[in-house]
Trainee: 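Below is a structure I'd like to ask you about.
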Amino acid sequence: MKTIVKATNLSYKINEKKLFQNISFDVDAGSALHIKGGNGTGKTTLLRMILGISKPTRGSIESFAYKDVCFTGHKNALKQYLTVEDNLILLSLNTHINLDKYLTDLDLHNSLDVTVANLSFGQQKKLALLRVFLNDSDLIILDEPCVGLDSNSQQILCFFINEELKKDKCIIFSSHIQLDIEANILNLDKL
Amino acid sequence: MKIFYFEFLKLRKKSRGWIGPILVFVLIMTAFPLTVEFLNEDLDQAFFSVLWIALMLVMMLATEDIFLEDYNDGSLEQLALKNQSLALILGTKIFIYWMLIGVPISIIGSFYGFGITRSFDLGLNILPILLVTSYIFLNVFSFGNALSLTKGSVLGTLITMPLVLPLLVVLGKVVISINIGLNYFGFLVLLLGILSIIIVVIPLIISFIIRAHLE
């Protein structure tokens, strides 16, 4: 199986505090990695390293993804002053063939002309997740994707991730909520 | 082309971002003659000084949150992940700001030039100077804003202010040339030369600064 992300002896130190040390892992196409750990253990930092935004203090991380990485993090990257429809245009998702299906599933189909600032936190999260549901990427990285989601949306997300794994996509996520996804676990608490 | 459309859509919908600076410019240029004697023959001379300073201040104001909003909502993070050049995206963003703020202000400034000096030629002559200068100012102040992205825009703008002072000297020379009837084309070429370097170098530097901020 082709390796999509390969991390070797990763260490990260901030203000002389070691967040994690000598982490090594490979994530192959068609497999998922669940990064676990308490608050402040470096889950987001590790994800940002995989994305190439942050650099490790020591060690190396390589990504062999061909296409743009699909990522949703703590920030939704939505424009609060624009409507849902305008945001979909900005995300280049307005003409996606599966858009209507996910808008209906996530109960956003009646909110197209609503300004994002007027949506609830959960609805904004669902809108941000459309980027994931309609992705065209071989590497998907999700930082706490279930925060603010209702149980129905969580189930849709789990089903979606399992389907993506069958399509040989590589998925790396962090979550405090136990998701029904077959994934290797990297627990930063135990390092 | 998509980036161009997206940035245009964002700025068009955020009307306060571009109408505000234009209104401030109009306010300064309208208020200036009220503070001096209307029939003063030296009004023409003072007009150009006020015009350049107003242009500089308004461009400073226009770039106040050029990257801040995208930084705060996570859009910059998403842009940094794309395989596309971040410098190109940021350069496009500055260009859109120029199109929606710099160009209208240059045209309005040109009309004021015509109105105050009562010379159609002069109004027309300063238009290309205003267009090029506003674009240079936008680039330089965007650089300043990128520098102080998380520390408030004023700090970065103040740091970059000395960079535009030589430009004000050149603009002063342009006015002298126009007033004594000399060909100012050489100054325009000089400004275009500065602009051609700036539009390549500044977005590139800004992209490095923004990546550093994201890290």
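The chains referred to below are lettered A, B, ... by the order of the sequence lines, with proteins before strands, and numbering in each begins at 1. This is a predicted model, so every value here is computed, not measured.
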Trainee: How many angstroms lie between CD in A:Glu182 and CG in A:Asn162, if you round to the nearest 0.5 Å?
Mentor: 8.0 Å
Trainee: Please state whether the side chain, the backbone, both or neither of B:Asp70 comes within less than 4.5 Å of a heavy atom of chain A.
Mentor: both
Trainee: Can you tell me which portion of A:Tyr81 sits under 4.5 Å from chain B's heavy atoms? Options are side chain, backbone, both or neither.
Mentor: side chain
Trainee: If you measure from the Lys or Arg side-chain nitrogens to the Asp or Glu carboxylate oxygens, is any gap between A:Asp168 and A:Lys2 under 4.0 Å?
Mentor: no
Trainee: Check whether A:Leu78 gets within reach of chain B through its side chain, its backbone, both or neither, counting any heavy atom under 4.5 Å.
Mentor: backbone
Trainee: With under 30° as parallel and over 60° as perpendicular, where do the rings of A:Phe173 and A:His34 fit, or are they tilted in between?
Mentor: parallel
Trainee: Please rank B:Gln78, B:Gln84, B:Arg211 by heavy-atom pairs under 4.5 Å with chain A and give me the top one.
Mentor: B:Gln78
Trainee: With the threshold set at 4.0 Å, does a side-chain nitrogen-carboxylate oxygen contact exist between A:Lys6 and A:Asp26?
Mentor: yes
